[in-house]
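Here's the structure, in structure tokens; my notes come after.
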Number of protein chains: 2
Amino acid sequence: MKRNSRLSLALHTLGHMAGDPDRIRTSADIAEHAGTNPVVVRRVLGKLREAGLLISEKGHAGGWRLARGPEQITLADVYLALDERLVAGGAEEEDAPSCSIEHALQRKVASVLEEVERGLIERLAVTTIAEVREANDMAHSPERVAPLISKPSRPL
Amino acid sequence: MKRNSRLSLALHTLGHMAGDPDRIRTSADIAEHAGTNPVVVRRVLGKLREAGLLISEKGHAGGWRLARGPEQITLADVYLALDERLVAGGAEEEDAPSCSIEHALQRKVASVLEEVERGLIERLAVTTIAEVREANDMAHSPERVAPLISKPSRPL
DNA sequence: GATTGATGCAACATGAAATGTTACACATGC
DNA sequence: GCATGTGTAACATTTCATGTTGCATCAATC
């Protein structure tokens, strides 16, 4: 895997789950499909569980599944669950710099970045996992609609 | 220094230069004030020179100075000069993923991020170095205005 | 209730990218 | 020609995300 790919992994997994919400998937299966490691999967999906997007079940037939319908999970939910902050990092907080010029500039940039991040979240909030999935299905499937009971051809 | 601080260093330096545009500063002076290394300063300011914001002069009395008035340098100019892309990284390009679901999600996120970055640049473009500097001076200086010939108390 | 197969978590290993450092070629004013 | 700059390459260091291993724990099934 490459850098900063937690959001990618999270969305990817949720996208598949949206196509067959009742199925329970194991970290190992997910990791294999995503080309990464089961522990990494648990770390990322663990965040989504904390945020109430996923449910994990321990024990024998355990694994992961959606905590609610895919039409009730927006991209913003996922973004916020992982506390990635794609838009942060301009000059970052830390103990305020002693130099007042630097301080003023950092405050300015920080306020712009806050605004922009709000904009990002707003835009992510209008799209659900289900919508992206449907758009994808319409573009690829001859039947024009996602089968609820998925075909044998391993949907994950 | 910490991570991703090139923008911070660049703005900090330009902010000081804006207060005394004619003065020529050496990498060593700038580095000392910013708490970093002269070579790092040259690397970062070199980007600003490529973008036409700064001029560097070699040789004996060489050093760095603004290429134009501080009221003609916006925060966006600086942001674009260093090709930082604070808003990038959601799922990044690379060879398109084989999985169509992942592909669809990445395209969606990428398009949102592009929009958001345009927004960021627009917001940065409305503020000049001079403006931030003035706001800072008004808040701190008793004389309410930045002295053009700066006081002995080393302004950089 | 022992086994099996899953999560949860901590500790450590690896890799990559940003920053820091050293060294030296080159330019320029004195 | 010497002092004092930049320009740049090569290397060292630091930092952080990701990858890995190991083990405790839990739950279904035999």
Side-chain angles (χ1 to χ4, degrees), chain A residues 1-10 12-13 17 23-51 53-67 82-86 88-94 156, chain B residues 1-10 12-13 17 23-51 53-67 82-86 88-94 156:
Chain A
M1 246 186 158
K2 37 185 197 276
R3 204 147 206 255
N4 204 5
S5 54
R6 292 185 301 179
L7 181 60
S8 183
L9 171 58
H12 185 183
T13 304
M17 288 177 162
R23 174 169 165 193
I24 291 191
R25 291 160 167 83
T26 68
S27 312
D29 289 344
I30 296 167
E32 190 184 10
H33 180 75
T36 182
N37 191 288
V39 179
V40 175
V41 170
R42 285 183 212 133
R43 278 208 281 252
V44 173
L45 299 194
K47 291 277 192 182
L48 302 186
R49 181 192 50 218
E50 290 170 19
L53 305 181
L54 285 183
I55 290 174
S56 69
E57 276 159 7
K58 298 180 175 179
H60 191 135
W64 302 84
R65 61 185 176 84
L66 294 182
L82 327 168
D83 37 12
E84 291 255 324
R85 302 300 172 270
L86 290 188
E92 224 60 29
E93 65 306 325
E94 198 136 328
L156 169 56
Chain B
M1 248 185 159
K2 39 185 195 277
R3 202 148 209 256
N4 205 5
S5 54
R6 292 184 301 179
L7 180 59
S8 183
L9 171 59
H12 185 183
T13 304
M17 288 178 162
R23 175 170 164 193
I24 290 190
R25 290 158 168 85
T26 68
S27 312
D29 289 344
I30 296 167
E32 190 183 10
H33 180 74
T36 184
N37 191 288
V39 177
V40 175
V41 169
R42 284 183 213 135
R43 279 208 280 252
V44 172
L45 299 194
K47 290 277 191 181
L48 303 186
R49 181 192 50 218
E50 289 171 19
L53 305 181
L54 285 181
I55 289 171
S56 70
E57 276 158 8
K58 297 180 176 180
H60 192 139
W64 300 84
R65 60 185 176 84
L66 295 181
L82 326 168
D83 37 14
E84 290 255 324
R85 302 300 174 269
L86 290 188
E92 223 60 27
E93 65 305 325
E94 197 135 327
L156 171 55

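Just so it is clear, the structure is predicted and the values come from calculations on it, not from any experiment.
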Under the side chain to side chain contact (heavy atoms under 4.5 Å, CB included) rule, what do R25(B) and T13(B) come out as? Steps first, then yes or no, please.
CA-CA 10 Å; R25(B) 290 158 168 85; T13(B) 304; 5.5 Å; no
Please step through side chain to side chain contact (heavy atoms under 4.5 Å, CB included) for the pair L66(A) and L54(A), ending with a clear verdict.
CA-CA 5 Å; L66(A) 294 182; L54(A) 285 183; 3.7 Å; yes
Could you go through L7(B) and V44(B), starting from their C-alpha distance and side-chain angles, then the distance that decides it, and tell me whether this counts as side chain to side chain contact (heavy atoms under 4.5 Å, CB included)?
CA-CA 8 Å; L7(B) 180 59; V44(B) 172; over 6 Å; no
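Here A51(A) pairs with L53(A), A81(A) under the side-chain contact (heavy atoms from CB on, under 4.5 Å) rule; sequence neighbours left out. Judged as a side-chain hydrogen bond (donor to acceptor under 3.5 Å, both in side chains), and not counting sequence neighbours, the contacts of S27(A) are R42(A), W64(A). Taking R49(A) as the reference, nothing meets the salt bridge (Lys or Arg N to Asp or Glu O under 4.0 Å) condition, with sequence neighbours excluded. For E50(A), there are no side-chain hydrogen bond (donor to acceptor under 3.5 Å, both in side chains) partners at least two apart in sequence or on another chain. Take R43(B) and apply the side-chain hydrogen bond (donor to acceptor under 3.5 Å, both in side chains) test, not counting sequence neighbours, and it matches no residue.
Considering only heavy atoms from C-beta on, I30(A) stays 4.5 Å or farther from T36(A) through its side chain.
Rounded to an integer number of Å, the gap from E84(A) CD to dC16(D) P is 15 Å. Rounded to whole angstrom, the span from the CD1 atom of I24(B) across to the C1' atom of dG5(D) amounts to 11 Å. If you take NZ of K47(A) and C1' of dT7(C), they are 17 Å apart, rounded to a whole angstrom. Counting to the nearest Å, the P atom of dT7(C) and the CG atom of D29(A) are 9 Å from each other. Following rounding to the nearest Å, N37(A) (CG) and dG15(C) (P) show an atom-to-atom distance of 14 Å. Atom CG of L7(B) and atom C1' of dT19(C) are 16 Å apart (whole Å).
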Taking only nitrogen or oxygen atoms into account, show me every contact under 3.5 Å that the protein makes with nucleotides 8-11 of chain D, one pair per line with its distance.
none

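Within residues 54-65 of chain A, the residues approached by DNA chain C to less than 4.0 Å at the level of any non-hydrogen atom are S56(A), E57(A), K58(A), G59(A), H60(A), G62(A), G63(A), W64(A), in residue-number order.
Side-chain N/O atoms of T36(A) include none lying less than 4.0 angstrom from OP1 or OP2 on dT18(D).
Listed nucleotides dG19(D), dT21(C), dG5(D) differ in distance to T26(B); the shortest reach to its side chain belongs to dG5(D).
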